[in-house]
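Computed over heavy atoms, backbone and side chain alike; hydrogens, waters and symmetry mates excluded. Below, chains carry the letters A, B, ... as their sequence lines are ordered, and counting in each starts from 1.
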2 protein chains.
Amino acid sequence: MYQPTVTEENYLKAIYHLSNTGTKSVNTSSIATSMETTAASVTDMLRKLSDKEWINYEKYKGVKITRKGEKVALGIIRKHRLWEVFLTNILEFEWDEVHNMAEELEHVSSEELIKRLDKFLGHPKFDPHGDPIPDQTGKMESHDKFNLSAGEAGEKYIITGVTDHSTLFLKHLRKYGLLPGVTVSIAEIMDYDKSMLVKVSKDKFHLSLEVSKNILIKKYVSSK
Amino acid sequence: MYQPTVTEENYLKAIYHLSNTGTKSVNTSSIATSMETTAASVTDMLRKLSDKEWINYEKYKGVKITRKGEKVALGIIRKHRLWEVFLTNILEFEWDEVHNMAEELEHVSSEELIKRLDKFLGHPKFDPHGDPIPDQTGKMESHDKFNLSAGEAGEKYIITGVTDHSTLFLKHLRKYGLLPGVTVSIAEIMDYDKSMLVKVSKDKFHLSLEVSKNILIKKYVSSK
DNA sequence: TTATAAGTTTAGACAAATCTAAAAATAGTA
DNA sequence: TACTATTTTTAGATTTGTCTAAACTTATAA
Ligand SMILES: [Mn+2]
Ligand SMILES: [Mn+2]
Ligand SMILES: [Mn+2]
Ligand SMILES: [Mn+2]
């Protein structure tokens with residue numbers, strides 16, 4: 001119907017993420033924080049997004065994204081994550097370097113371009129941070145992830161992603177080789193501070209709860 | 001010094017192209033035509049570009065791009081042409097399909113991205129239309145091109161580019177296989193309308209003056 | 001249940017980029 | 001040279017996205 005502006009695309013993406021992939025309703029101030037702007041600006045924009053039927057908005061009641069809005073948001077997220085795959089896999093950037101470039105590339109509008117990029121990359125299902133890539137219809141894989149901090153001593157896990165996407169955290173994990181796909185065994189969990197001793201290939205080292213809380217894992221299974 | 005906006009980048013690129021790669025001075029109305037806007041809007045923008053020292057501007061006297069402005073323009077042109085190479089060589093788009101996508105991609109700001117893209121593509125010297133790609137310092141190759149319409153009967157030439165970049169023209173040439181790098185022999189030039197009979201690999205066909213005027217060539221030499 | 005705090009919206013303003021209409025400058029030509 | 005025609009600039013508005021400060025609504029807790 002309407003062609004969203006870059007700003008509108010960014011608002012819709014933020015609302016979608018804040019609403020826990022479209023489910024919860026979101027309040028003005030959390031959008032303001034995430035967009036690094038003022039509540040007044042957000043209110044202005046919410047009225048516009050509502051006029052275009054991308055969100056349901058009632059004064060003082062918060063917003064819920066509509067199907068239409070969700071479609072826009074998922075399109076942007078698809079582009080963002082595909083470009084991140086391109087930047088890491090093809091141009092050999094590190095996983096902590098790609099986000100800001102993808103923030104620009106995600107607004108390049110051609111659908112045909114993203115279709116061919118997807119094909120060229122081999123139709124990847126996940127981005128470098130382990131986040132699922134929606135297909136053209138908005139569907140994406142969602143394997144049951146949980147936090148490494150909830151893992152048990154003696155068990156073996158595979159890293160599937162992170163909950164903290166900051167450069168600082170990603171760089172920190174890279175130093176330890178803690179990337180999606182890597183196998184981690186928990187050797188010991190300290191009672192005192194819930195820090196853990198883990199084994200990654202041949203290395204053994206300590207992870208604080210602060211770190212383990214932000215790593216997503218799944219159970220290790222030999223096949224697949 | 002200043003960070004140009006996307007609009008400022010587009011104005012500088014247009015001024016650079018209109019000034020015949022920085023040499024001639026350019027008037028307001030030609031910029032307006034090329035930017036598909038009004039002379040009034042151009043005047044407004046010229047004042048801004050002048051304030052930022054990207055052009056020398058005096059009321060009613062036309063503009064000349066400065067060294068600084070030329071550097072900005074060449075940076076954008078470099079990005080545009082590298083993305084066009086990416087789109088044709090890697091994503092397998094046709095040469096008549098890539099321009100509009102490159103118009104968006106050229107404004108993605110990361111210098112490191114373009115550096116790595118350049119490397120990934122093998123440091124190409126020309127884009128799909130035969131236009132030279134500036135290096136990081138703004139230097140580019142410029143082989144002595146002339147129009148096919150100035151070629152002689154019985155001579156053999158190599159296509160190096162086009163002067164008309166419209167989709168319609170590029171599509172037309174693609175139908176005949178007339179792309180940069182292709183060898184063309186002029187069999188006969190008609191006195192009446194200056195149309196020419198040409199041989200391209202095994203095919204022989206007629207080209208109107210309208211077409212031959214817009215094809216750039218260089219003399220054929222067996223080596224190199 | 002009422003006061004206060006927290007969150008949200010409105011009012012009014014601003015910068016960037018654009019437009020139309022009118023005024024001013026320059027160019028072309030008799 | 002003097003009169004038009006063309007080009008360019010100015011004046012005044014508009015749209016988008018933003019801001020601060022003030023007003024208003026809702027939540028919290030004494
Ligand atoms: Mn990202
Ligand atoms: Mn990511
Ligand atoms: Mn182009
Ligand atoms: Mn080109």
Side-chain angles (χ1 to χ4, degrees), chain A residues 1-16 18-20 24-65 69 72-73 76 103-104 106-109, chain B residues 1-16 18-19 24-65 69 72-73 76 103-104 106-107 109:
Chain A
M1 223 118 300
Y2 295 98
Q3 199 58 42
T5 65
V6 168
T7 313
E8 287 169 340
E9 288 181 344
N10 283 330
Y11 269 96
L12 287 171
K13 190 174 54 138
I15 293 167
Y16 177 82
L18 288 167
S19 69
N20 206 189
K24 293 191 312 187
S25 134
V26 185
N27 62 346
T28 303
S29 60
S30 61
I31 299 169
T33 305
S34 132
M35 294 292 293
E36 294 183 296
T37 186
T38 62
S41 299
V42 173
T43 303
D44 289 344
M45 182 54 81
L46 293 183
R47 197 162 291 112
K48 286 181 210 167
L49 296 177
S50 180
D51 288 347
K52 291 171 179 170
E53 298 183 310
W54 289 317
I55 58 169
N56 288 317
Y57 170 58
E58 267 183 287
K59 286 205 293 187
Y60 295 105
K61 307 279 180 198
V63 304
K64 264 199 90 172
I65 200 160
V72 174
I76 302 302
E103 286 290 306
E104 293 187 55
E106 70 188 6
H107 302 291
V108 173
S109 61
Chain B
M1 226 119 302
Y2 294 98
Q3 198 59 44
T5 65
V6 167
T7 313
E8 287 168 340
E9 287 182 343
N10 283 330
Y11 269 95
L12 287 171
K13 190 173 52 139
I15 293 166
Y16 178 82
L18 289 168
S19 70
K24 295 191 312 189
S25 133
V26 185
N27 63 346
T28 303
S29 59
S30 60
I31 299 169
T33 305
S34 131
M35 294 292 294
E36 295 183 294
T37 185
T38 61
S41 299
V42 173
T43 303
D44 288 344
M45 182 55 81
L46 293 183
R47 198 161 290 112
K48 285 181 213 169
L49 296 177
S50 180
D51 288 347
K52 292 172 178 172
E53 298 183 310
W54 289 317
I55 59 170
N56 288 318
Y57 170 59
E58 266 184 286
K59 286 207 291 187
Y60 295 105
K61 306 280 180 196
V63 304
K64 264 200 88 174
I65 200 160
V72 174
I76 302 302
E103 286 290 306
E104 293 186 56
E106 71 188 7
H107 303 290
S109 61

K.L.:
Taking 4.0 Å as the cut-off, does a side-chain nitrogen or oxygen of A:Arg47 come that near to OP1 or OP2 on C:dT10?
P.N.:
yes
K.L.:
Using a cut-off of less than 4.0 Å, is there contact between a side-chain N or O of A:Ser29 and OP1 or OP2 of C:dT8?
P.N.:
yes
K.L.:
Phosphate oxygens OP1/OP2 of D:dT25: is one of them under 4.0 Å from a side-chain N or O of A:Lys59?
P.N.:
no
K.L.:
OP1 or OP2 of D:dT25 less than 4.0 angstrom from a side-chain nitrogen or oxygen of A:Lys61, does that happen here?
P.N.:
no
K.L.:
Using a cut-off of strictly less than 4.0 Å, decide whether A:Asn27 has a side-chain nitrogen or oxygen near OP1 or OP2 of C:dT8.
P.N.:
yes
K.L.:
If we only count heavy atoms from C-beta on, is the A:Glu103 to A:Lys13 side-chain gap below 4.5 Å?
P.N.:
yes
K.L.:
Can you tell me the distance, in whole Å, between the CE atom of A:Met35 and the C1' atom of D:dT18?
P.N.:
12 Å
K.L.:
Between A:Met45 (CE) and D:dC19 (P), how many Å, whole number?
P.N.:
11 Å
K.L.:
State, with a plain yes or no, whether a side-chain heavy atom of B:Leu12 is found less than 4.5 Å away from one of B:Ile76.
P.N.:
no
K.L.:
When the distance from OH of A:Tyr60 to C1' of D:dT25 is rounded to whole Å, what number comes out?
P.N.:
5 Å
K.L.:
Please tell me if B:Thr28 has a side-chain N or O lying less than 4.0 Å from either OP1 or OP2 of D:dT9.
P.N.:
yes
K.L.:
Considering only heavy atoms from C-beta outward, does the side chain of A:Leu46 approach that of A:Tyr11 to under 4.5 Å?
P.N.:
no
K.L.:
What nucleotide among D:dT10, C:dT9, C:dC19 has an atom nearest to a side-chain atom of B:Thr38?
P.N.:
C:dC19
K.L.:
OP1 or OP2 of D:dC19 less than 4.0 angstrom from a side-chain nitrogen or oxygen of A:Thr37, does that happen here?
P.N.:
yes
K.L.:
Between C:dG7 atom C1' and A:Ile31 atom CD1, what is the distance in whole Å?
P.N.:
13 Å
K.L.:
If only side-chain N and O atoms of B:Thr43 are considered, is one of them under 4.0 Å from the OP1 or OP2 phosphate oxygen of D:dT8?
P.N.:
no
K.L.:
B:Glu58 CD to D:dT8 C1': how many Å, rounded?
P.N.:
14 Å
K.L.:
B:Glu106 versus B:Asn10: any side-chain heavy-atom pair under 4.5 Å?
P.N.:
yes
K.L.:
For D:dT18, does OP1 or OP2 lie under 4.0 Å from any side-chain N or O of A:Tyr11?
P.N.:
yes
K.L.:
Could you give the distance from NZ (A:Lys48) to OG1 (A:Thr5), rounded to the nearest 0.5 Å?
P.N.:
7.5 Å
K.L.:
Check this one for me: any side-chain N or O of B:Tyr57 less than 4.0 Å away from OP1 or OP2 of D:dT9?
P.N.:
yes
K.L.:
Is there a side-chain polar atom (N or O) of A:Thr5 under 4.0 Å from OP1 or OP2 of D:dG17?
P.N.:
yes
K.L.:
Tell me whether the OP1 or OP2 atom of D:dC19 has a side-chain N or O from A:Ser41 closer than 4.0 Å.
P.N.:
yes
